[in-house]
Trainee: 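Pasting a structure here, questions to come.
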Amino acid sequence: MPEDSDKVFINCPFDKGYQPIFEAIVFSVFDLGFSVRCSLESDDSGEVRITKIARIIEQCKFGVHDISEVKLDKVNRLPRFNMPLELGMFLGCKRFGGKIQARKICLILDTEQYRYQKYISDIAGQDIRAHGNKPEAAIVAVRNWLASASKRKLPGGAAIASRWKRFIVDLPELCIKARLDRKDLIFKDLTDLILAWLENNR
Amino acid sequence: MSKTVHVFPAGTVWKVAREGGKPTVYPTKKKAVGEARSISKRFAPSQLVIHGKDGHIQEVVSHGLPSIKRPPYLKKNSRIQRIVGKFTLSRLASERRADRA
């Protein structure tokens with residue numbers, strides 16, 4: 001499948017602590033009229049994970065990469081390198097993937113604006129924004145970047161953040177009605193709920 | 001204030017409503033959709049949603065808002081759509097009850 005200018009690859013931590021920002025980014029990408037792609041989208045155990053990620057990256061013109069999780073894992077006392085690895089794959093695809101892949105554009109998110117210089121300084125020159133661990137700030141960063149990168153007329157960040165807040169209020173009740181566990185919502189259920197909610201409540 | 005204009009059946013008639021607004025009643029679906037379309041255009045950017053009998057969505061029309069794009073891996077989930085549709089319409093109804101009280 002060729003690269004698609006409506007698809008946004010999301011590369012970010014999937015742990016519970018990051019969930020509010022992940023949900024906010026997914027919500028804002030859909031609300032902006034783009035389609036979310038990420039490694040959680042299918043559970044095909046027959047496909048090697050890195051192959052699946054490469055396939056998704058190849059199909060997406062845009063990429064949001066959150067490299068904020070640089071802290072050490074509590075159990076193993078080691079950092080997780082998946083996000084920098086997938087960012088590297090995205091940049092490599094852009095650099096070596098030919099004419100179409102060269103059009104790829106990415107946004108790099110971190111907690112603080114210049115913290116990356118201390119642990120991954122080679123990405124200097126990319127579009128790096130800070131979200132301060134605040135979902136609303138992540139929404140505004142994604143909106144402003146996509147508006148500029150896609151050159152489309154998009155709703156403002158404040159309007160999307162306001163809709164996202166309403167969605168978050170409705171979500172627990174919707175989960176009860178749908179017999180889903182709000183605290184353990186899988187990606188497919190989350191996207192189904194976001195899409196249905198946006199179709200009803202923008 | 002929601003940017004969505006809803007058209008939905010209510011017994012033998014059709015209603016047009018926005019969250020926070022007063023619903024209007026029409027004898028036919030065609031007339032209700034026509035009116036909802038003009039309201040949605042007037043308040044653009046907005047969207048018009050036409051519901052079926054059980055709250056499910058028959059059609060969504062955007063006026064100045066980006067259209068929602070379903071990813072290729074995600075088939076339409078009618079069950080979730082019905083649940084969210086019913087939830088939204090019941091909220092519209094409860095707002096109206098609160099207004100009358």
Trainee: Which residues pass the side-chain hydrogen bond (donor to acceptor under 3.5 Å, both in side chains) test with Thr111(A), not counting sequence neighbours?
Mentor: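 Once residues adjacent in sequence are excluded, the partners of Thr111(A) under the side-chain hydrogen bond (donor to acceptor under 3.5 Å, both in side chains) criterion are Arg115(A).
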Trainee: Only counting residues at least two apart or in another chain, list the ones meeting ring-ring contact (aromatic ring centres under 6.0 Å, His included) with Tyr116(A).
Mentor: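 Not a single residue meets the ring-ring contact (aromatic ring centres under 6.0 Å, His included) criterion with Tyr116(A).
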Trainee: Taking ring-ring contact (aromatic ring centres under 6.0 Å, His included) as the definition, give me every residue that meets it alongside Tyr18(A), ordered by chain and number, with sequence neighbours left out.
Mentor: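 Listed in chain order: nothing, the list is empty.
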Trainee: Begin from the C-alpha positions of Arg37(A) and Gln59(A) and carry the test side-chain hydrogen bond (donor to acceptor under 3.5 Å, both in side chains) through to its verdict.
Mentor: CA-CA 9 Å; Arg37(A) 306 292 310 270; Gln59(A) 292 167 6; 2.8 Å; yes
Trainee: If only side-chain N and O atoms count, and only distance matters, is there a donor-acceptor pair under 3.5 Å linking Asp110(A) with His131(A)?
Mentor: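 No, because no side-chain N or O of His131(A) sits under 3.5 Å from a partner of the opposite role on Asp110(A).
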Trainee: Are side-chain N/O atoms of Gln101(A) and Glu58(A) paired as donor and acceptor at under 3.5 Å?
Mentor: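 No pair is found: no donor N or O on one side chain lies under 3.5 Å from an acceptor on the other.
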Trainee: Please check if the side chain of Lys104(A) supplies one atom and the backbone of Lys61(A) the other of a donor-acceptor pair under 3.5 Å.
Mentor: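 The answer is no, because no donor-acceptor pair under 3.5 Å joins these two groups.
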Trainee: Side chain, backbone, both or neither: which part of Arg79(B) has an atom under 4.5 Å from a heavy atom of chain A?
Mentor: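 When you check distances to chain A, only side chain atoms of Arg79(B) fall under 4.5 Å.
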Trainee: Can you tell which of Leu180(A), Asp189(A), Leu198(A) has the highest number of heavy-atom pairs within less than 4.5 Å of chain B?
Mentor: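 Option with the greatest count: Leu198(A).
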Trainee: Which region of Ile80(B), side chain (C-beta onward) or backbone (N, CA, C, O), has a non-hydrogen atom less than 4.5 Å from a non-hydrogen atom of chain A, or is it both or neither?
Mentor: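 Both parts, backbone and side chain.
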Trainee: Without hydrogens or angle criteria, can the side chains of Lys183(A) and Gln19(A) be said to hold a donor-acceptor pair below 3.5 Å?
Mentor: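 Looking only at side-chain atoms, Gln19(A) and Lys183(A) do not form any donor-acceptor pair under 3.5 Å.
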Trainee: Quick check on Phe34(A) against chain B: is it the side chain, the backbone, both or neither that has a heavy atom closer than 4.5 Å?
Mentor: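 The answer is the backbone of Phe34(A).
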Trainee: Which residues, numbered in order, of residues 35-51 of chain B come under 4.5 angstrom of chain A by heavy-atom distance?
Mentor: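 From residues 35-51 of chain B, the residues near chain A are Gln47(B), Val49(B), His51(B).
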Trainee: For Asn201(A) and Arg91(B), does a side-chain donor sit closer than 3.5 Å to a side-chain acceptor?
Mentor: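 Indeed, the side chains of Asn201(A) and Arg91(B) share at least one donor-acceptor pair under 3.5 Å.
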Trainee: Could you tell me which portion of Lys75(B) (side chain, backbone, both or neither) has an atom closer than 4.5 angstrom to a non-hydrogen atom of chain A?
Mentor: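 Just its backbone gets close to chain A.
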Trainee: Name the member of Thr191(A), Leu195(A), Asp170(A), Leu193(A) that forms the most heavy-atom pairs with chain B at distances under 4.5 Å.
Mentor: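 Going by pairs under 4.5 Å, I would pick Asp170(A).
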Trainee: With a 4.5 angstrom heavy-atom cut-off, is it the side chain or the backbone of Asp192(A) that approaches chain B, or both, or neither?
Mentor: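 When you check distances to chain B, atoms from both the backbone and side chain of Asp192(A) fall under 4.5 Å.
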